[in-house]
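Proteins get letters first, then strands, A, B, ... in listed order; numbering begins at 1 in each. Everything numeric in this text was worked out from a predicted model, so none of it was measured.
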Amino acid sequence: MSRQQILDAIRKNKPELVAAPVPFQYLSMGEDLAPAFVAALEKVGGVVVILKERSDIAATVQEHYQEMTRIADFVNHPRNSNQALLHDAASIEVAVLEGQLGVAENGAIWMQESDCISRALPFITQHLVLVLDKKKLVASMHGAYAQIDTTKEGFGVFIAGPSKTADIEQSLVIGAHGAKSLLVLLIG
Amino acid sequence: MSFTHHSHPDAAKDFVQNTERMKWHDEALWFVRAKRDRIAHTVPDWEELRNQASAIKQHTLSNLDVYLQQFEEQAIAHGVQVHWAADAREHNEIVLKLLNQVGAKKIVKSKSMLTEECHLNPWLEQHGIEVVDTDLGERIVQLRKEPPSHIVLPAIHIKKEEVGELFHEFLGTEEGASDPQYLTNAAREHLRQKFLAADAAITGVNFAIAETGGFVVCTNEGNADLGAHLAKMHIACMGIEKVIPKTADLGVFLRLLARSATGQAITTYSSHFLKPAQGTEMHIVIVDNGRTTQLGREAFRNSLKCIRCGACMNTCPVYRRSGGHSYHNAVAGPIGAILAPNIDMKEYADLPFASTLCGSCSDVCPVKIDIHNQLYQWRQELTREGYAPAGKKMAMKMMGNVLASPKKYSFSGKLARKLLKWFPKLSVNGRLNPWGRQRDLPDVPEQSFREWYQQQSSQKQSR
Ligand code: SF4
């Protein structure tokens with residue numbers, strides 16, 4: 001009932017149809033996007049390591065999170081070998097996941113549900129490692145939306161840095177509710 | 001958690017009296033405004049982005065019924081249940097009914113100004129449901145039994161020592177501790193327990209996409225996601241104006257939102273919800289609550305373009321010096337002062353007068369709402385309708401009379417400079433101007449600008 005009432009009120013009160021603007025003409029950023037991407041991520045508290053080979057991933061993660069034992073590495077290991085860890089996701093210390101695409105202007109990395117393994121994982125893990133192929137960088141959010149398909153899966157997220165807050169007197173604190181740190185391994 | 005004052009100057013009184021705190025608040029917000037400026041200047045197509053965002057919203061408002069239906073159809077096709085609420089009461093009833101259906105008793109909620117506007121929390125609490133606000137700033141004000149004072153920075157009016165005392169009382173942190181890192185960590189531990197135990201999660205919606213039926217929620221803390229992904233039920237509440245036509249439009253809005261809000265390039269998390277996860281329910285409540293009326297008010301229709309970035313508050317000289325609570329409305333600041341009288345002209349008649357009309361708000365607004373212009377138009381409308389605050393009405397009549405005649409204007413200027421010199425408290429601190437009770441005017445110049453100008457040019461000529 002309210003549905004009809006609301007739609008009727010809109011029809012009655014809306015202005016005459018204004019055409020949609022032409023799609024946004026965005027500027028390009030040049031060829032090598034990695035430096036901008038790295039700078040954007042570092043600005044928001046992320047750590048970036050550039051690796052030549054994917055075979056260096058496991059060792060780099062170990063080196064960064066030396067004290068941690070509950071590491072769920074979904075990039076090097078199949079999903080089922082981490083099943084026990086996933087059962088008690090709140091106790092996972094480090095999750096290693098693969099990102100689909102990175103945005104140079106803001107350091108955001110796009111992940112869909114299957115990349116997250118479970119929707120909650122990138123948020124509930126204490127620390128997050130995202131692996132990203134250097135070739136998968138785009139300049140801006142416009143370029144990102146031109147490439148990704150948000151209808152392919154039930155959930156997707158851009159992640160730009162570790163979780164943070166400045167709600168107490170505007171002082172930046174890294175590690176609010178989501179991951180306390182973000183390590184991005186840029187491959188290539 | 002409701003407002004006790006009903007007029008802006010009265011409500012601002014305590015805030016303004018504490019000069020030190022007012023200065024601190026003013027500077028904290030100006031700091032955010034400066035960050036916004038810095039990052040906006042690094043985006044070469046910033047002005048084009050603002051134009052585009054404004055045009056997309058303009059188009060959407062002119063086709064709103066079609067886009068809402070398209071959004072609904074797509075969302076249902078993806079297994080999401082869609083509900084419509086004409087007003088705050090219906091919104092609250094729908095949410096309660098959904099929670100009761102699954103016996104949900106413990107709710108985690110991420111930031112949603114709409115649920116503030118509808119006073120959802122007290123309603124749910126009355127019905128035996130625990131609601132925990134999970135955004136850190138919102139949790140702070142919730143524990144203090146206060147409403148948020150800012151739409152993006154809910155606890156901007158509170159000092160870290162006060163948060164320390166509050167957390168000592170409620171979360172058992174060390175007495176006297178006020179380190180933000182330590183306090184944030186304590187809140188993290190406290191709220192993790194709440195996330196893990198929650199039966200249902202409520203979130204707001206930043207953008208709803210007609211083309212796909214999906215919706216986007218932006219946070220820095222990750223609280224919306226932890227809530228929504230861990231609970232069996234996710235209820236997302238949105239005003240009708242949140243819909244945008246296409247996914248590609250998100251490129252424009254996400255580039256503008258966080259830069260305008262806090263000076264970040266993007267929020268940490270921009271989450272795109274499309275379908276419920278296996279074994280869970282996802283609901284969307286689409287709310288009118290006066291928005292269709294605003295759509296019909298030609299002069300104020302543009303206020304529905306608002307993406308709730310808060311930039312107009314951070315820059316507003318009145319907001320910065322009077323604090324969010326003085327607006328006695330869920331949305332404070334310049335945009336709140338346009339939205340509130342639409343809902344209740346009498347109750348909020350004071351708000352459009354709580355502005356200097358300096359226009360700084362319109363300059364920073366990412367969707368180019370002509371905010372100061374609309375405030376000015378509200379003043380006229382409210383005066384016409386007989387709701388304008390008494391002191392303002394008389395002053396405006398006199399001013400209109402004087403401003404209309406150059407002779408009277410120049411004479412009254414002379415007179416005023418004399419009068420102010422002799423009775424400096426007359427205009428600012430007089431009974432008719434409640435704003436001035438805690439303030440003094442600067443010294444009065446000997447000459448008017450016009451006199452000075454004439455003198456300068458005659459000096460030039462004689463040179
Ligand atoms: S009116 Fe404009 S500046 Fe103010 S909150 Fe809305 S979008 Fe931001």
Side-chain angles (χ1 to χ4, degrees), chain A residues 2-3 5-7 9-21 23-27 40 43-44 90 103 105-108 118-120 123-124 140-142 144-146 150-151 153-171 173 175-179, chain B residues 28 31 44-45 52 55-56 58-59 61-65 84-86 90 134 136-137 140 153 155 159-160 163 180-181 183-184 188 191 196 212 214 220-223 225-226 229-230 240 245 247-248 250-252 254-255 264-266 268-275 277 288 292 295-296 301:
Chain A
S2 290
R3 177 184 186 278
Q5 187 189 323
I6 294 168
L7 290 172
I10 294 173
R11 281 181 206 119
K12 192 172 133 244
N13 290 343
K14 69 178 180 179
E16 224 168 284
L17 186 67
V18 182
F24 192 67
Q25 303 297 307
Y26 52 95
L27 308 168
K43 203 167 170 196
V44 292
V103 186
E105 70 163 323
N106 56 24
S118 94
R119 289 189 188 188
F123 305 95
I124 199 158
S140 70
M141 291 303 284
H142 310 291
Y145 281 109
T150 58
T151 60
E153 297 187 28
F155 174 73
V157 59
F158 281 105
I159 299 181
S163 79
K164 59 173 177 282
T165 181
D167 273 348
I168 301 178
E169 276 201 20
Q170 281 302 294
S171 340
V173 176
H177 300 306
Chain B
F31 171 74
D45 45 0
Q52 185 78 2
I56 294 170
Q58 187 99 23
H59 162 67
L61 289 176
S62 77
N63 203 28
L64 192 58
D65 52 327
W84 300 71
E90 191 175 8
T134 56
L136 176 60
I140 293 170
L153 318 161
K159 296 208 167 194
K160 59 182 185 215
V163 178
Q181 177 88 50
L183 295 173
T184 302
R188 176 186 166 100
L191 287 165
L196 291 166
T212 65
N220 279 324
E221 299 183 6
N223 56 318
D225 285 280
L226 273 174
H229 303 322
L230 291 175
I240 56 170
T247 308
L250 285 170
V252 174
L254 291 187
R255 291 187 71 197
Q264 301 166 248
I266 191 168
T268 306
Y269 305 106
S270 310
S271 302
H272 297 51
F273 294 90
L274 188 75
K275 299 175 191 166
D288 180 350
T292 52
L295 188 66
R301 166 182 294 156

Can you give me the closest heavy-atom contact between B/Asp45 and A/Tyr26, atom names plus distance? OD2-CA, 4.3 Å

Distance (rounded to the nearest 0.5 Å) between A/Leu17 CG and B/Asn63 CG: 5.5 Å

Portion of B/Leu196 that has a non-hydrogen atom of chain A nearer than 4.5 angstrom: side chain

Counting heavy-atom pairs under 4.5 Å with chain B, the top scorer among A/Ile124, A/Val44, A/Thr151, A/Ile159 is A/Ile124

Who are the side-chain contact (heavy atoms from CB on, under 4.5 Å) partners of A/Ala144, not counting sequence neighbours? A/Leu101, A/Val103, A/Val138, A/Phe158

Does A/Ser171 reach the main-chain N or O of B/Pro180 with its side chain, forming a donor-acceptor pair under 3.5 Å? no

Note: A/Gly161 and B/Thr268 closest approach over all heavy atoms is O-CG2, 3.2 Å

Any salt bridge linking A/Glu105 with B/Arg255? Criterion: basic side-chain nitrogen under 4.0 Å from a carboxylate oxygen. yes

Flag the pair A/Ser163 / B/Asn220 as yes when at least one side-chain heavy-atom distance between them is below 4.5 Å, and no otherwise. no

Do A/Asn106 and B/Gln264 have side-chain heavy atoms sitting under 4.5 Å apart? no

Taking only residues two or more places apart in sequence or in another chain, which ones pass salt bridge (charged side-chain N to carboxylate O under 4.0 Å, His left out) with A/Lys14? B/Asp65

Please look at B/Val163 and chain A and tell me whether the side chain, the backbone, both or neither of the residue comes under 4.5 angstrom of a heavy atom of that chain. side chain

To the nearest 0.5 Å, what is the distance between NE2 (B/His272) and CD (A/Glu153)? 13.5 Å

Is it the side chain or the backbone of B/Leu254 that comes within 4.5 Å of chain A heavy atoms, both, or neither? side chain

Return the option, out of A/Pro15, A/Gly107, A/Ala160, A/Ala120, with the maximum number of heavy-atom pairs under 4.5 Å with chain B. A/Pro15

Among A/Gln25, A/Arg11, A/Glu16, which residue forms the greatest number of heavy-atom pairs with chain B at distances under 4.5 Å? A/Arg11

Has the side chain of B/His59 got a donor or acceptor atom that lies under 3.5 Å from a matching backbone atom of A/Ala20? yes

Kindly indicate, with the supporting measurements, whether the criterion side chain to side chain donor-acceptor pair (under 3.5 Å) is fulfilled by A/Thr165 and B/Glu221. CA-CA 6 Å; A/Thr165 181; B/Glu221 299 183 6; 2.9 Å; yes

Kindly determine whether A/Phe123 and B/His229 satisfy ring pair (Phe, Tyr, Trp, His ring centres under 6.0 Å), including the steps that lead there. CA-CA 9 Å; A/Phe123 305 95; B/His229 303 322; 5.4 Å; yes

Is the side chain of A/His177 donor-acceptor paired with the backbone N or O of B/Arg188 at a distance under 3.5 Å, no angle test? no

Applying side chain to side chain donor-acceptor pair (under 3.5 Å) to A/Ser2 and B/Glu90, what does each step give before you reach the verdict? CA-CA 9 Å; A/Ser2 290; B/Glu90 191 175 8; 2.5 Å; yes

Once you round to the nearest 0.5 Å, how far does OG of B/Ser62 lie from CD1 of A/Ile10? 12.0 Å

Does any non-hydrogen side-chain atom of A/Leu7 lie less than 4.5 Å from one of B/Trp84? yes

Specify the closest pair of heavy atoms between B/Leu153 and A/Asp167, including all atoms of both residues, with the distance to one decimal. CA-OD1, 4.5 Å

Side chain to side chain contact (heavy atoms under 4.5 Å, CB included) for B/Arg301 and A/Asn13? Distances and angles first, verdict last. CA-CA 10 Å; B/Arg301 166 182 294 156; A/Asn13 290 343; 5.9 Å; no

Between the CG atom in B/Leu226 and the CZ atom in A/Arg119, the distance rounded to the nearest 0.5 Å is 14.0 Å

Give the minimum heavy-atom separation between A/Phe155 and B/Ser271, together with the two atoms involved. CE1-CB, 3.8 Å

Rounded to the nearest 0.5 Å, what's the gap from CG on B/Leu295 to NZ on A/Lys12? Could you check? 10.5 Å

Side chain, backbone, both or neither: which part of B/Leu191 has a heavy atom under 4.5 Å from chain A? side chain

Looking only at B/Val252, B/Thr134, B/Leu250, the option with the highest number of non-hydrogen pairs under 4.5 Å against chain A is B/Leu250

If we define contacts as heavy-atom pairs under 4.5 Å, which of B/Gly222, B/Ser270, B/Gly137, B/Ala265 has the most with chain A? B/Ser270

If we only count heavy atoms from C-beta on, is the B/Phe273 to A/Thr150 side-chain gap below 4.5 Å? no

For B/Thr184 versus A/Ala176, what's the shortest heavy-atom pair and its separation? CG2-CA, 4.4 Å

Given 3.5 Å as the limit, does a donor-acceptor pair link the side chain of B/Asp288 with the main chain of A/Ile6, or not? no

For B/Lys159, does the NZ atom have more than 12 heavy-atom neighbours from other residues, nucleotides or ligands under 6.0 Å away? yes

Atom group of B/Ala85 that falls short of 4.5 Å from chain A, counting heavy atoms: backbone

Max heavy-atom pair count under 4.5 Å with chain B, selected residue of A/Lys43, A/Gln170, A/Gln5: A/Gln170

